[in-house]
Protein chains: 2
Amino acid sequence: MAEILKVAVGAEDDGGLLSDRIRNALTDEIASGALVAGSALEEQQLADRFGASRTPVREALRQLVVSGLVEVRGRRGVVVARMTPERIMDMFETSAEVEAMCVRLATFRMTPLERSHLIELHESSLAMVEANDVDAYDAFNRTFHECIYSATHNSFMAEQAQDVRARLSAFRRTQLRQGDRIRKSRDEHDAIMQAIAEGDGDTGSRRMRAHMLNAAAALRRYIDDRFGRDGPPSIGDGPLPHE
Amino acid sequence: MAEILKVAVGAEDDGGLLSDRIRNALTDEIASGALVAGSALEEQQLADRFGASRTPVREALRQLVVSGLVEVRGRRGVVVARMTPERIMDMFETSAEVEAMCVRLATFRMTPLERSHLIELHESSLAMVEANDVDAYDAFNRTFHECIYSATHNSFMAEQAQDVRARLSAFRRTQLRQGDRIRKSRDEHDAIMQAIAEGDGDTGSRRMRAHMLNAAAALRRYIDDRFGRDGPPSIGDGPLPHE
DNA sequence: ATTCCCTCCTGTGTATGCGAATATCCCTCG
DNA sequence: CGAGGGATATTCGCATACACAGGAGGGAAT
């Protein structure tokens, strides 16, 4: 009967360790942009916020360092990872290559059930584009890519792909309504689905890479527009175009 | 005067944080196989071994959890990651794809200097094969692949590739002298270098994938030979063929 | 003899305390 | 008026202390 409390508090909050809950909370806040890049994370302050002591906070921060979401500054505490435009482009490119890799394997290995599920999912996105429902499209997009990861039937690769994707989510989150990127995104998804349906993994792979690189190119344009050719050495709060 | 003790312990031990040193030490021991998969890691015991308290040991272990090198067993402590044969094959396949990806980009982007360096490096490996010097070849092999990562001119991708490679090193380390795998490895390197020299990134990529998958296939054969078709649910101490 | 339960004990999870390193601020000197 | 240096204060890194969970072992009952 006490399980009702668990549901009431939140999704999966009290099940695990305190340090895990703090880590997950911080991950969400960084990915969502609530914690902007470069902002300092003081241990005592976080401990007060979460009603815990510094020990689990420290553990959570150390784990985030390994994940690459925060950086240590000597003995001056940790800050939300402050990435250079070059590094962001590197991450986008890596993400593009990883996604392309997954599409290729997924095309060759997905079961008919998985394929039909993916097709159905893709078709459902048309209504979101028509309604210009960016939130719904964002959620769909995440599921779409995760289905492809899963269809590789390689759980390790799926985890790696999801990790890279998670690290970029902070940049993808905001400013979805940038130009007509969503409609183009859907068109590109359509071309990818075409190749998958034909069982042409290499074509699907190339199209997925182009799909992701289109977002990166739009990002580059956006950065140049906003900061000029030689902008600030680091950014982290800028909205990015949707893939 | 007490600093003499610190210097006596190791080379670059006193620079960073204590938890980092412990983490690095444990990483090496896991990768080298000194700590076999499945063995429990008790905090107090490790603290005694490193002459520290449990706090930095705990932080090191939590970081290793994120890295995927160890697993938590509820409140019963952590153990060295115990991987199933399926997961190991997944990791090998992912590694193959990642390496292929890197070769492709590196071929298109490497500078003439990098190319000549890589060629020189590759040629130096011939003597090691002739002498059947597995240790030297192992060291060369690591450098060879890292040079390719670096030549992608994408630091994030290089880090990802190195991370995957590090996770597999525990399996690559032992049993290099398995059949004539080293000579075949060198031949495959040669074919890859040929494609790189011709600027044919796609061919180099395919050859690198095949190169890595050959090692995975040999691994599969080795596992089947040793444990039979339905072997134990997990392995971690078995020597693997060299890529 | 086997099984169930109780107790103890080992080990993790968290809190707190202390020393050290560094940033900050103010005072003094040029 | 600006710059440099020192004292203070804040915060990190590590150690120690305490609370609780889960298992091992023994004893008793069937």
Side-chain angles (χ1 to χ4, degrees), chain A residues 2-3 5-6 9-10 12-27 30 35 38-67 69-82, chain B residues 1-10 12-27 30 35 38-67 69-82:
Chain A
E3 281 76 8
L5 288 178
K6 290 167 69 174
V9 170
E12 51 258 331
D13 265 10
D14 71 348
L17 278 49
L18 188 50
S19 56
D20 285 351
R21 294 194 317 218
I22 295 173
R23 176 175 51 78
N24 290 331
L26 289 178
T27 298
I30 293 173
L35 286 173
S39 53
L41 298 174
E42 292 182 18
E43 295 178 358
Q44 186 59 53
Q45 165 190 328
L46 291 173
D48 294 342
R49 250 188 61 197
F50 290 104
S53 78
R54 280 177 50 218
T55 305
V57 172
R58 270 187 69 81
E59 291 188 358
L61 289 177
R62 293 303 164 184
Q63 292 176 35
L64 292 177
V65 170
V66 177
S67 301
L69 276 83
V70 304
E71 297 171 349
V72 292
R73 280 184 314 171
R75 277 183 147 86
R76 291 179 49 190
V78 304
V79 296
V80 178
R82 207 181 187 87
Chain B
M1 296 304 174
E3 281 77 8
I4 297 177
L5 289 177
K6 293 165 71 175
V7 178
V9 170
E12 54 255 335
D13 269 7
D14 67 354
L17 275 51
L18 188 50
S19 56
D20 285 352
R21 298 198 313 229
I22 296 173
R23 176 174 53 78
N24 289 333
L26 289 177
T27 298
I30 294 173
L35 286 172
S39 53
L41 298 175
E42 292 183 17
E43 296 178 357
Q44 187 59 53
Q45 167 189 327
L46 291 173
D48 294 341
R49 250 188 60 198
F50 290 105
S53 79
R54 278 180 53 218
T55 305
V57 171
R58 270 186 69 81
E59 291 186 358
L61 289 177
R62 293 303 165 184
Q63 293 175 39
L64 292 177
V65 170
V66 177
S67 299
L69 276 81
V70 303
E71 296 172 349
V72 292
R73 280 185 312 172
R75 277 185 147 84
R76 291 178 50 190
V78 304
V79 296
V80 178
R82 207 179 187 87

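Here is the naming used below: chain letters follow the sequence lines, and residue numbers restart at 1 for every chain.
Residue contacts shown for A/Arg73 are absent, as no nucleic acid heavy atom lies under 4.0 Å away.
In this structure, A/Arg76 does not reach the D/dT11 phosphate: none of its side-chain N or O atoms is under 4.0 Å from OP1 or OP2.
Summarising the geometry of A/Val79 relative to A/Ala40, their closest heavy-atom pair is CG1-CA, 3.9 Å, with the distance given to 0.1 Å. Across all their heavy atoms, A/Arg82 and A/Gly38 have their closest contact at NH1-CA, 2.7 Å. A/Ser19 and A/Pro56 make their closest contact through CB-O, 3.6 Å (heavy atoms, listed as atom of the first residue, atom of the second, distance).
Using a 4.0 Å cutoff to heavy atoms of chain B, the contacted part of DNA chain C runs 5' to 3' from C/dG11 to C/dT14.
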Mind listing the side-chain donor-acceptor pairs of residues 43-50 of chain B below 3.5 Å, one per line with the distance, residues two or more places apart or on another chain?
unit_1	atom_1	unit_2	atom_2	d
B/Glu43	OE1	B/Arg54	NE	3.0
B/Glu43	OE1	B/Arg54	NH2	2.9
B/Glu43	OE2	B/Arg58	NH1	2.9
B/Gln44	NE2	B/Asp48	OD1	3.0
B/Arg49	NH2	B/Glu29	OE1	3.2
B/Arg49	NH2	B/Glu29	OE2	2.5

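Screening B/Leu18, B/Val57, B/Leu64 for a side chain to side chain contact (heavy atoms under 4.5 Å, CB included) involving B/Arg23 leaves a single residue, B/Leu64.
Between A/Gln63 and A/Asp20 there is a side-chain heavy-atom pair separated by less than 4.5 Å. B/Val65 places none of its side-chain heavy atoms less than 4.5 Å from the side chain of B/Leu61. In this structure, A/Leu41 and A/Leu35 have side chains that are in contact, with non-hydrogen atoms separated by less than 4.5 Å.
Atom-to-atom, CG of A/Leu17 to P of D/dC20 comes out at 16 Å; the value is rounded to the nearest Å. D/dC14 atom P lies 7 Å from atom CZ of A/Arg75, rounded to whole Å. As rounded to whole Å, 15 Å separates atom C1' of D/dG13 from atom CZ of B/Arg23.
Less than 4.0 Å separates DNA chain D from at least one heavy atom of each of the following residues of residues 40-56 of chain A: A/Leu41, A/Glu42, A/Glu43, A/Arg54.
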